[in-house]
Amino acid sequence: MNTQALTLIAALWAAAWGVHTVWMSRRLRTARRDPLTGLWTRDAFTRQARRLLRNRHAVVVLADVDRFKQVNDTHGHATGDALLATTAARLAHAVGRSGVVGRLGGDEFAAVLIDRDGTAADQLAILARILARPVGTTPEVHTSVSLGWVRRGDHPDEDLSALLRRADEAMYAAKRAPVPVRRAALGRLLASVTGRRPGRRHTA
């Protein structure tokens, strides 16, 4: 086999390997995305969130759709899916490219955003109003989303899991309060089971 033939074979092999690499990368990205909402799955979200938590300005947010089971029971699962997809899109738009949003499961979402100017409370209050806008399904669905959040800087020694538990406690408190957004308390974490505050009713 002459040198020209060997060169051609090597070039074809390199091209084939390049195509395979691109295909594998796309498959991996697809596997890390929730098929309904397009958001990151729990594992992919966790990896990116941990990286963002190196920034002391990071804020961890937990969001849960209110009365989601009622929406499914009344309007059907297709409407429920549309509600989840719309909620996900609104969350992703609000957080932007500097942060990360993931679907943890059911109607529960988590986000990490960077709050450099200290306006997270105002931003999340606006976001809560946006998330409460009707979803343009037939018929239109009216519900709200409860948000709990915690500043990374308030608990610099805690990991993502602990910060999510704090945001979860705050979000549960928001569900019981007349306001849709609640900041986590500065005190100790309450006892929890599998990362969820006892007594919280999950309606995914």
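These values consider heavy atoms only, across backbone and side chains, with no hydrogens, waters or symmetry-generated copies.
In the displayed structure, H93 atom NE2 is contacted under 6.0 Å by at most 12 heavy atoms of other residues, nucleotides or ligands.
The heavy-atom pair separating V112 from A58 by the smallest distance is CG1-CB, 4.1 Å. The minimum heavy-atom distance linking V181 with A128 is given by the pair CG2-CB, 3.6 Å. R182 and A174 make their closest contact through CB-CB, 3.8 Å (heavy atoms, listed as atom of the first residue, atom of the second, distance). Here the closest heavy-atom approach between residue S146 and residue M171 is recorded as O-CG, 3.4 Å. Closest approach of A94 and L127 over heavy atoms only: CB-CD1, 3.6 Å. The nearest pair of heavy atoms linking L164 to A110 is CD2-CB, 4.1 Å.
Within the model, atoms CZ of R152 and CD1 of I114 stand 10.5 Å from one another, a figure rounded to the nearest 0.5 Å. R133 CZ to T143 OG1: the interatomic distance, rounded to the nearest 0.5 Å, is 15.5 Å. A distance of 12.5 Å separates NE2 in H57 from OG in S98, rounded to the nearest 0.5 Å. Note that CG of L84 is 8.5 Å distant from CG of D34, once rounded to the nearest 0.5 Å. Between atom CZ of residue R166 and atom CG of residue L62 there is a gap of 14.0 Å, rounded to the nearest 0.5 Å. Note that CG of D64 and CD of E108 are 5.5 Å apart. Values are rounded to the nearest 0.5 Å.
The existence of a salt bridge linking R47 and D43 is excluded, since no basic side-chain nitrogen approaches an acidic carboxylate oxygen closer than 4.0 Å.
Under the 4.5 Å side-chain heavy-atom criterion for Ile, Leu, Val, Met, Phe, Trp and Tyr, W149 and V179 are members of distinct hydrophobic clusters. At a threshold of 4.5 Å between side-chain heavy atoms, the hydrophobic network of Ile, Leu, Val, Met, Phe, Trp and Tyr places L91 and L36 in one connected group.
Side-chain N/O atoms of R42 and T46 include no donor and acceptor closer than 3.5 Å. Judged by distance alone, the side chains of Q123 and T119 do bring a donor and an acceptor atom under 3.5 Å apart.
Put simply, the residue from V101, L104, V100 that forms a side-chain contact (heavy atoms from CB on, under 4.5 Å) with W40 is V100. Checking L163, L186, V59 one by one against D154, the side-chain contact (heavy atoms from CB on, under 4.5 Å) holds for a single residue, L186.
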Does L83 form a side-chain contact (heavy atoms from CB on, under 4.5 Å) with H75? I'd like the steps, not just the answer.
CA-CA 11 Å; L83 172 59; H75 302 290; over 6 Å; no
Practice problem: Carefully, step by step, assess T86 and R90 under the rule side chain to side chain donor-acceptor pair (under 3.5 Å). | Solution: CA-CA 6 Å; T86 300; R90 289 171 177 174; 5.8 Å; no
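Panel note: side chain T41, backbone R32; a donor-acceptor pair is recorded below 3.5 Å. Using a distance-only test at 3.5 Å, with no hydrogens or angles considered, a donor-acceptor pair links the side chain of R103 to the main chain of G106.
Taking 4.5 Å as the limit, every side-chain heavy atom of E158 sits out of range of all side-chain heavy atoms of V150. Side-chain atoms of D115 and D117, non-hydrogen and from C-beta on, do get closer than 4.5 Å to each other.
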